Chemist: 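Below you will find the structure I want to go over with you.
Remember, predicted model here, so these are calculated numbers, not experimental data. Residue numbers start from 1 in every chain, and the chains themselves are labelled A, B, ... in the order their sequence lines are given, proteins ahead of strands.
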Protein chains: 2
Amino acid sequence: MTASRVLRGEGGYSENTRALVLQKVDELGYLPNRLATVFAGDSSSTFVGVSIPDLGNEVFAQVLEGIDRKLGSFGHQTVLGLTQHTQQQEENWIRTVLSWKPAGLILTGRYHSPRATEMLKNAGIPLVEIWDLNSSPLDMSVGINHFDSGSEMGRYLIGCGYGNIGYVGTSHDTANAATTRLDGFCKAVEGGGGHIVKQLCLHDTATYYTGFYGTEQLLAGTSDIECIFFQNDAMAFGGLQYCLGRGMRVPRDIGIAGWGDLPIASVLPERLTSMHVPHLKLGQAAAEMMLARLSNEPVSACRDIGFHLIPGTTVSAEERR
Amino acid sequence: MTASRVLRGEGGYSENTRALVLQKVDELGYLPNRLATVFAGDSSSTFVGVSIPDLGNEVFAQVLEGIDRKLGSFGHQTVLGLTQHTQQQEENWIRTVLSWKPAGLILTGRYHSPRATEMLKNAGIPLVEIWDLNSSPLDMSVGINHFDSGSEMGRYLIGCGYGNIGYVGTSHDTANAATTRLDGFCKAVEGGGGHIVKQLCLHDTATYYTGFYGTEQLLAGTSDIECIFFQNDAMAFGGLQYCLGRGMRVPRDIGIAGWGDLPIASVLPERLTSMHVPHLKLGQAAAEMMLARLSNEPVSACRDIGFHLIPGTTVSAEERR
DNA sequence: AAGCGTTAAGTTACCCGTAACGTAAAGCGC
DNA sequence: GCGCTTTACGTTACGGGTAACTTAACGCTT
């Protein structure tokens, strides 16, 4: 008991005893068993579960980095969960991670399976739903309005004079932010007098490579597509390379628009038309909300992290006139 | 006790009781407390701690993905630790994560602080040191020989006819794989009759952006550099863009060589000269070694995952003649 | 029906850190 | 020196799951 007091610096021991305890700790290489502390229910755990679709996407990798850095600097540990974009994997992970009594959970997306939702509600721990801003979150939410970001891109492309537009993305078993973006995009394009000629949803991951081959597939047998909107920048970059490789002039022959604003954009001579989302800031904001809730500070339930359109040079109004 | 037996499917209960227990579990939304199980010491935890320098580097993000996917499919959870390339942060993380009694640890690199090394030895749990192949690991090791990979690149550049060579990388407070690579590179270049004109080590992260500005800095006031070797592909790509932007012809005026082979290479028209390392495979191999050790299967202590040179088009023997 | 093995439960103790409480000794004022 | 407070440390109990053990009930054999 005295040793416990010394190690927690709680007071109620002499300087002499303190030195003795610390010497023994060093001598024996003693490490306290946090399991016992948390198990006894005297303090809450320092774990925070963080679920992310995948790390192949640089955006999510950076969100995770932002979260872990912030949590880590406040003595918390990140328990990772990769859901591969499926609700089933998310549900399984939630079940497992909850049995470890985490201090809180940070989840990507607003769509969870019914069982997952029930478990989350029962857990009674702080939750942050990130990425897809949720006006009625389970607990807290931080992200952006994907529908609006899709709309804005749609309006921009229409405004640049593009009429026949294609889309290349990937498909998942469930609703997600990318489909919400696409919804907003289609509404804006059609509302603005444009036309979505073709939507291609590949059963694959959203990478450079799939963007390249998705574009080939999209353009095969179609000659009237004036502009392509991609699910993310990696796919758009793959698509751009395909078009350039086929001798098309971008943006004169075809416009290319991505989403997400990859780091590589900072050094490319041609700036990809895209939508910027502050990734690291998003992760840090999520961690901050979690930490605030854990220390019983007041937190607003929703936080819109914002986005802004990057006009870039792969879409152009002048070239279309 | 009977409920415990039912939930573990251990036997010793009637079908009737089983149904009753399961019904109650469902009714109450009961989740077993894994903390108690592990705490009691009856079974080992399912946590595996994984430390990675940072996630801004796509390579490490993919290694982590490989690890988590494999571990996850065997019912283990990843506890993340980002060390920001410092031994102090690694040590702090190790101390914390060990107090949670993880089943094992996967660490990046072979260099750990003395205290960290001691804690790791005392922990008596499986350890895998990844990335930098360690012939005398603390427990197990999987990765590549960075010195050799640097040498191979050095020999290749010399073989292409480049004599005056520069290097752009980042510096860290401690020894790491990148400096080992540089050592091997320098030895091979000088052994082959070449000359390292200038080595630039920026106090920054190894990204596209730092590669761009590092190259500007390296070339300022020097006119005799024929080829630049970069710490990684992101930096090399930034450097390539700088050179192209300044009207230099690559590889005629200057050769550019990276290291790591980024995914984006698959769609670029010009293939960056680089060194390919199977990232996902590395992560999976690390997880497999960990899992094998945890289930008491025999495991070899070292596993060389291999690398191979990608000649690419940003370095060329013909153009130099 | 007595004796035995089998099955289906229940009981006890333990893991380790700490809250809550107990106690002995020292310190202090008068 | 008495009674009080303060300091320093010790003791007990608890958390939840489970190994190890005990008990009760049942079925089978002879």
Side-chain angles (χ1 to χ4, degrees), chain A residues 1-47 49 75-77 79 94-104 119 122-125 294 296, chain B residues 1-47 49 75-77 79 94-104 119 122-125 294 296:
Chain A
M1 194 59 224
T2 297
S4 171
R5 276 192 274 253
V6 169
L7 289 173
R8 283 174 298 137
E10 192 207 33
Y13 46 82
S14 68
E15 189 46 48
N16 199 22
T17 311
R18 195 186 97 96
L20 243 148
V21 168
L22 293 181
Q23 187 215 315
K24 277 287 168 192
V25 162
D26 196 54
E27 195 180 315
L28 301 168
Y30 168 83
L31 280 179
N33 185 343
R34 290 277 297 143
L35 242 43
T37 312
V38 177
F39 168 60
D42 295 324
S43 75
S44 78
S45 103
T46 54
F47 279 123
H76 287 265
Q77 291 79 48
V79 181
I94 289 172
R95 197 190 321 281
T96 306
V97 85
L98 279 182
S99 72
W100 287 101
K101 305 288 164 190
M119 286 189 284
N122 289 340
I125 54 172
L294 287 173
N296 292 313
Chain B
M1 193 59 225
T2 297
S4 171
R5 277 191 272 254
V6 169
L7 290 174
R8 283 174 299 137
E10 192 207 35
Y13 47 82
S14 68
E15 188 46 47
N16 199 22
T17 310
R18 195 185 97 96
L20 243 149
V21 168
L22 293 181
Q23 187 216 314
K24 276 288 169 192
V25 162
D26 196 53
E27 195 180 314
L28 301 168
Y30 168 83
L31 280 179
N33 186 343
R34 289 277 298 143
L35 239 44
T37 312
V38 177
F39 168 59
D42 295 324
S43 75
S44 78
S45 104
T46 54
F47 277 123
H76 287 266
Q77 291 79 47
V79 180
I94 289 172
R95 195 191 321 282
T96 306
V97 85
L98 280 181
S99 72
W100 288 101
K101 307 287 164 190
M119 287 189 284
N122 289 340
I125 54 173
L294 287 174
N296 292 314

Chemist: Of all residues at least two apart in sequence or in a different chain, which pass the side chain to side chain contact (heavy atoms under 4.5 Å, CB included) check with B:Thr46?
Modeler: A:Trp100, B:Arg34, B:His76, B:Gln77
Chemist: What pair of heavy atoms forms the shortest contact from B:Leu98 to B:Ala123, and how long is it?
Modeler: CD2-CB, 3.7 Å
Chemist: At under 4.0 Å between heavy atoms, what does A:Thr17 touch on the DNA or RNA strands: base, sugar-phosphate, or nothing?
Modeler: sugar-phosphate
Chemist: For nucleotides 14-18 of chain C, give me every protein contact, N/O to N/O, under 3.5 Å, one pair per line with atom names.
Modeler:
residue, atom, partner, partner atom, Å
C:dG17, OP1, A:Tyr30, OH, 2.8
C:dG17, OP1, A:Asn33, N, 2.9
C:dG17, OP2, A:Tyr30, OH, 3.4
C:dG17, O3', A:Thr37, OG1, 3.1
C:dT18, OP2, A:Ser4, OG, 2.6
C:dT18, OP2, A:Arg8, NE, 3.4
C:dT18, O4', A:Asp42, OD2, 3.3

Chemist: Please report, rounded to the nearest Å, how far the C1' atom of C:dG10 is from the OH atom of B:Tyr13.
Modeler: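 Taking OH of B:Tyr13 and C1' of C:dG10, I get 17 Å after rounding.
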Chemist: Toward the 5' end of DNA chain C, which comes first, B:Ser14 or A:Glu10, by nearest nucleotide?
Modeler: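 Taking each residue's closest nucleotide, the earlier one in sequence belongs to B:Ser14.
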Chemist: Could you list where the contact with chain A starts and ends along DNA chain D, reading 5' to 3', using a 4.0 Å heavy-atom cut-off?
Modeler: D:dA8 to D:dG16
Chemist: Could you tell me, to 10°, how much the axis swings from one end of the helix from C:dA1-D:dT30 to C:dC30-D:dG1 to the other, five pairs per end?
Modeler: 40°
Chemist: Would you say that A:Phe39 contacts B:Asn33 through its side chain, given a criterion of any heavy-atom pair below 4.5 Å between the two side chains?
Modeler: yes
Chemist: Looking only at non-hydrogen atoms, find the nearest pair between B:Val97 and B:Pro102 and report the distance.
Modeler: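 Looks like O-CD, 3.1 Å.
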Chemist: When rounded to the nearest 0.5 angstrom, what is the spacing between CD1 in A:Ile125 and OG in A:Ser44?
Modeler: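 A:Ile125 CD1 to A:Ser44 OG: 10.0 Å, rounded to 0.5 Å.
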Chemist: So, using side chain to side chain contact (heavy atoms under 4.5 Å, CB included) as the criterion, who are the partners of A:Gln23 when residues are at least two apart?
Modeler: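 Result, side chain to side chain contact (heavy atoms under 4.5 Å, CB included) vs A:Gln23: A:Glu27.
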Chemist: Does the B:Ser45 side chain pair with the main chain of B:Lys101, one donor and one acceptor, at a distance under 3.5 Å?
Modeler: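 Here the side-chain-to-backbone pair exists.
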Chemist: With sequence neighbours left out, what residues match A:Leu22 under side chain to side chain contact (heavy atoms under 4.5 Å, CB included)?
Modeler: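 Testing A:Leu22 for side chain to side chain contact (heavy atoms under 4.5 Å, CB included), a comparison that skips the adjacent residues, returns A:Val6, A:Leu7, A:Arg18.
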